[in-house]
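To start, the structure under review is shown below, and the notes come after it.
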Amino acid sequence: MVDVVIGCAANILAKIGEKLFVETGRHLKYVLYYNNYIKSLMEEVGTLMSKAQGIQLEVDEARRNGENIAPEVEQWFSTVDRIYEQSTRILEYEVPKNKCILNGRFLSIKKRYILSKKAKKMTEKADAAKLKAETFFKMSYPAPPLAVGDRSMGDFKNFESREPTINQLMHFLKDDTRQIISICGMGGSGKTTMVNEVARRVKGDKLFDEIVLAVVSKEHDLMNVQEDLAKCLGLKFKYPRFEGRADELWKRLLQSKKGTLVILDDVWKHIDLKSIGIPFGKEYKTCKVLLTSRSEDACKAIGCQDILRLDVLTQSEAFSLLGEMVGDSLNDPDLCETASKVAKRCGGLPIAIVCLGRALKDKKKEVWDDTLLKLQRCIVPSNIQGMKEEVYQSLEVSYELLGDVEAKRLFLLCCLYPEYANVPLEALVRCGIGLDFFEGIHLLIEARNRVYALTDMLRRRFLLISGDRKSTVKVHNVVRAVGISVASRLESNTGKFSGMVIHEDKWPRGMTYGNYNAISVVSNELSELPSRGLDFRKLELIQVACPKLSVEKLNTMFEKMEKVRVVELWNMSLLSLSTILFSLPRDIHALCMDCKMENIGDIMTNEFLNLEILSFGNCDITELPKEIRNLSKLRLLDMSGCRWLERISPGVISSLSQLEELDTGSKWWGDEEEGDASLTELESLTNLKYLGIRIKSSRFLPNYNLFENLQRYVISVGVHLQKRRSFNNRMLLLNLESTDTHLGGGIEKLLTNNTEKVFLTGDGVKLALKELDPVGFQQVKNLTVESCNSEGIEYLSNYSNTSNGSGVFNNLEKLRVDKIWHLKGIFRYNGKGLPIRSFSKLRKIHLSVLPEMTHLFTYSVANNLEHLERLHIEYCNSMHEVILNQIPSALESTIDNKIVFPKLTELILNDVASLICFSHGINLQVEFPQLRVLKLEYLQNFHTFCPEEINLASEGNHRGTNFQSLVDHKVEFSSLAELTITKMGNIKHVWCGHLPDLVHLQGLYIQFCHMMEEVISVQRPSVTTMEERIVFLKLKEVIIFGLNKLTFFCKGIDHVEFPQLRVLRLRWLTHFRNFCPEETTGRTSSLFNDKVSFPCLETLEVSELDSVEELWSSELPMSQFGKLKSLRVEKCHKLVNIFPSDLQTVFPSLEKLEVEKCDSLEQVWGSTEEQIRKLKTIFVHECPVLTNLCSFYTFKGLSNLQILNISSCKMLEEVVGYEHTYGKMKEVLSLNKLEELSLAFLPNLSYFSHNKCDIELPELTHYHAALCLKMGILGLQWCWLQQYTKNDPT
């Protein structure tokens, strides 16, 4: 047993000894073979670095080719760098430093051991890194395409006028129901820049997995479109053919989970999205398409319904962009006026502004003036780099691609009119007919339809824009210059329409006119003709508007014309038509005059056998003479603007048998005297298609159907129409005096068949309504009914009487009802089965003085008002709610109870005495997503927009109800820009319970709401760490007046910001304390504390704030009122001073200070250190305890003071307070800019200042002192005072 134990122990000891020997040997190696380890490390690191250099060469080549380096390679280089850094430290620092035996030749055993071990470990890492490099599959990969929008970062300028468009576009992109959206605008308007910015925002919001873009362009190469899209997707096509690529692209676009946004830029015509390979349709919701185009027609042809128009910049935005382009050049005041005119000439077109701005940067004024002159004369400024290529040629392409010759001619014709002119479509019709522009047209009415269609197309192509008046168009300045340039190129217009404009003060030199078809001469100064070169051999159209050009010179021009067909004259004075008619070519087809001309004169009309169009415009003629009857081919006779026309010679109208269109101006027909034409003459006009006429009374309407075959008309019976009549109208104006009035002459048939505009007045309007009711007012677009006291009219329409099952008022766009004393509603309706088209096109409603109407529409009708833009209701004293909700209470909680007015922009409710709410119902929500203007005035019983229920029985005693918040979470005003609330007696808050969305609010006006305690009251948890903040991002003006119970602007808010507020007026707020309540600190609360900020405020008025003891908190930041220019303080009776002594805020921009009727005011400036150096005007009146204005130091700093007026301050002893610092030595008080000094009704005023000082007033022109009984010489030299009292006896 003992032997066994001994044997086991021996074995164990032997193994232990063996292991100890091995471990000892391994550790001894680090000491014994130190040099080998160091040498191995040096060699391995050298080999690794050589390998790294080789790989680096491959990496550099890949980067030069734009490829991305593989992540494992980037990581490997980081590892190699660490190995090299650590190895270098060992070899070059630790080895030499740690030699400490035999004079530093050898290391200690311990150091040899440590360094050997480090070297071996680092050698192993280097070897592993070298082996890792052998396993790389690829060094680099092709870089993914640059994301759409990345290149545009910094290029997009966030102009205010474009924010609604970009916000609407973002809204559409987030809406899953919209598959294709387009932005349309003229060339160079910034469409591409905007979509790039949208792409950047969409990427940031992560709305789509991928965003791809392709430029379509006018070349329309769809293979290139596929290539561009594939590059954005990183897709390499396998198939060379178009169809195969489309399949690949289709499959790739459907792979995204969140979806793909496909942007097709610069679309010119219809493209088949599916043929390209773009999934399109409701079944492919993951793919959304965004187009940019100059043609709305192209977008609609592709299938786009959501089209956003991108307008040009406003004038201020254009000038701002130009200033950004030219930089410091605009610091020169001599250039500002020229630069403003240059920006205006660009017409807000961004690309033109950018090109001009870059070219004019750092240029002299002469270059600016020359460029402006070229722009004014519509000359392409070829010296401006990029202007011709990027602007003019780009826009010319839009013209060239029109295709339609008639459209091209019409566009060039529009360019002849003066810049900024509202070109009447009727003028285009008449010129087009006279010049024989239109193919296949036989009637004037057909030509008018053609012109309307062509101008509509040109508008959709953005070559024309809508005019400021109805039935007019305008041409953008830059586009007009392009048109004039095209029209003036005779070599490219052979056989086409060519023209030139002379819109200057003098005839241009060196010009010849013999080869032009059209010339426009418009000038307020032109009075002479050129001495030579006046040749109009080929001229067919001439426009002349030169008030200083004599009739003799005008006739000289006409005598040079051989082929002229159309003559337009306006803004000229002619004695009579006869003074020019003799010199006109006899082959003239159209003569259109809008001139000061009192009579026709003696004319020989039998020579003008081809005259088809004769228009007297706004001529002052009183009679149409018998000679006109000789114009046998006359097709149009227009006297619509002749306000003084009284008589038409008998036989004239009946002789003009070819007349298609006739307007007889201001002449009243019916009961004619001898020598005047009668209605019977109209029977001879069998070709008549349009008639504009005024008939004295319905009594004179003929018994036969005189008017029934008219296609267009403006017939006024007993109604005086102020506006000039349009030849494209179907309009009846009827004054039906009594209920037994007869409608004759075919008026009944016109009324029921195709009349679009109906104006009815008088007690007999029921007769006309009875005719319209059975057909449901189907054709009526504009309906006005007023001044009827007949008890028989309770509703305009009774749906049960309508024979047309398609609905009522299907095409009605405007409705105005006024003073219908017994009207109860617009139409009687049982609440069931109303067709969806009823009222669906209604855009404007105006109701006034309808004392028995209780509501406007029912809930079901309100849901049809999807196009309503403006709603104005006033003086309807029985109306309780605007929209009557007839849904039973039991069903309201189970259905989607919502009313949406998607296009309503203006809502005005004024003096509707019984109105309680807009609508009511359990869970009812009302949305106004586009509402910009909301005015609620004199609604004494109005409680809130959407209560759950209303109690009509309690009318007249609503103050005990709980409806005390005007707006809550049930109403949406997400686009509200202007809010006016006046005299609403039951409103405690405007917004309550939630933070309102007020990002677009620009004007806030609240007056005489005596129950209002806060404007905004937000309910917050009792314990919360979140800061509540409201930012009125765009609010520019706030006026709050006559709110006796208002204590705070907002409650439950930690901070309120008004970053753009310019004007703030607070008046007659007796309990108002401040904007945001402060925590009680034991000190006086200030009107403006650190919880509210006004960085841009310019005008501040505070009046009758009886609870305010201090205006400014001492904790306000110094920049708080940095832009304040005008400050008025009135009737704030607890104020001791305006600017307290501990105030840190300075007012560097303050120019005007008015203080009036502040009973406790002792000093304006309490501080002895404050100086406001820009202050120009100080007005102080009726402050009974005021002792002085300010300290000597403060007054000395008013170096720009121009007017000082102090009056009726009975305790004032000195204007400038005494200071010991300045009292010991004589000072000079220099007010070098003071022009007016007025001191009146100051009984205790003794000195200007007790300080010893001389006052210098070199610019003083007016000095006034009255009833200042104790006043001495005010520190002024007596001789100086006498000098000014001589000029001013007061």
Side-chain angles (χ1 to χ4, degrees), residues 758-763 765-766 768-770 772-773 777 780 782-801 808-809 812 814-831 834 838-839 842-865 868 870-886 899 901 904 906-921 926 935-943 945 947 950-953 955-956 958 984:
V758 178
F759 177 92
L760 303 174
T761 183
D763 289 345
V765 299
K766 185 177 180 180
L769 295 174
K770 187 177 180 181
L772 288 166
D773 202 13
F777 296 78
V780 179
N782 191 333
L783 176 62
T784 299
V785 186
E786 67 176 32
S787 302
C788 177
N789 196 23
S790 174
E791 296 183 1
I793 299 183
E794 295 185 352
Y795 298 90
L796 299 185
S797 175
N798 190 335
Y799 186 58
S800 61
N801 295 336
V808 293
F809 298 104
L812 188 66
K814 298 180 181 179
L815 174 64
R816 182 183 180 94
V817 186
D818 184 17
K819 299 184 182 69
I820 310 297
W821 302 100
H822 300 282
L823 192 73
K824 294 182 179 179
I826 302 300
F827 80 121
R828 189 191 298 271
Y829 170 56
N830 58 12
L834 182 68
S838 299
F839 296 99
L842 193 57
R843 295 188 298 110
K844 296 181 180 180
I845 301 175
H846 190 153
L847 307 180
S848 179
V849 194
L850 306 173
E852 294 193 13
M853 181 177 282
T854 58
H855 63 273
L856 172 60
F857 288 127
T858 61
Y859 176 89
S860 58
V861 176
N863 285 320
N864 285 6
L865 303 176
L868 188 64
R870 188 178 188 273
L871 175 58
H872 187 171
I873 303 176
E874 58 184 353
Y875 309 116
C876 299
N877 294 332
S878 295
M879 185 174 289
H880 301 298
E881 55 186 330
V882 178
I883 304 300
L884 176 63
N885 190 354
Q886 294 177 316
I899 304 175
F901 296 92
L904 189 67
E906 183 175 294
L907 174 58
I908 300 175
L909 303 175
N910 178 33
D911 208 348
V912 187
S914 299
L915 194 68
I916 299 173
C917 61
F918 187 83
S919 187
H920 81 280
V926 183
K935 294 184 179 181
L936 307 174
E937 301 182 284
Y938 301 96
L939 309 177
Q940 290 293 346
N941 289 297
F942 197 90
H943 297 298
F945 258 80
I950 58 175
N951 184 7
L952 299 180
E955 184 179 353
H958 294 294
M984 298 182 66

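We number each residue from 1, following the sequence as shown. Fair warning: this is a prediction, and the values are worked out from it, not measured in the lab.
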Atom OH of Y795: over 12 foreign heavy atoms under 6.0 Å: yes

Intermediate values then yes/no, side chain to side chain contact (heavy atoms under 4.5 Å, CB included), M853 and I826: CA-CA 9 Å; M853 181 177 282; I826 302 300; 4.0 Å; yes

Intermediate values then yes/no, side chain to side chain contact (heavy atoms under 4.5 Å, CB included), N877 and V912: CA-CA 5 Å; N877 294 332; V912 187; 5.9 Å; no

Might you point out which heavy atoms bring [X] and [Y] nearest each other, and give the distance in Å?
X	Y	value
L884	H855	CD2-CE1, 3.6 Å
L936	M984	CB-SD, 3.6 Å
H920	N885	O-ND2, 2.9 Å

I793 and V765: CA distance, side-chain angles, deciding distance, side chain to side chain contact (heavy atoms under 4.5 Å, CB included) verdict: CA-CA 9 Å; I793 299 183; V765 299; 3.1 Å; yes

4.5 Å side-chain heavy-atom contact, [X] and [Y]:
X	Y	result
R828	E794	yes
P851	W821	yes
I873	M879	yes
K814	R843	yes
V849	Y875	yes

Roughly how far apart are [X] [atom1] and [Y] [atom2], rounded to 0.5 Å?
X	Y	atom1	atom2	result
L796	F827	CG	CZ	10.5 Å
K935	N910	NZ	CG	9.5 Å
T858	I883	OG1	CD1	8.0 Å
L847	L871	CG	CG	7.0 Å
N863	F857	CG	CZ	12.5 Å
L812	F777	CG	CZ	9.0 Å

Let me check something: any side-chain donor-acceptor pairs from residues 782-791 under 3.5 Å, sequence neighbours excluded? List them with distances.
{"from": "N789", "atom 1": "OD1", "to": "H822", "atom 2": "NE2", "distance (Å)": "3.4"}
{"from": "S790", "atom 1": "OG", "to": "G792", "atom 2": "N", "distance (Å)": "3.4"}

Aromatic ring proximity F839/F809, centre distance under 6.0 Å: yes

Partner residues of E906 under the side-chain hydrogen bond (donor to acceptor under 3.5 Å, both in side chains) criterion, sequence neighbours left out: R870

Which residues share a ring-ring contact (aromatic ring centres under 6.0 Å, His included) with F901, sequence neighbours left out: F918, F928

Under 3.5 Å: donor-acceptor pair, side chain of S878, backbone of T854: no

Step-by-step side chain to side chain contact (heavy atoms under 4.5 Å, CB included) determination, S919 to E881: CA-CA 6 Å; S919 187; E881 55 186 330; 4.2 Å; yes

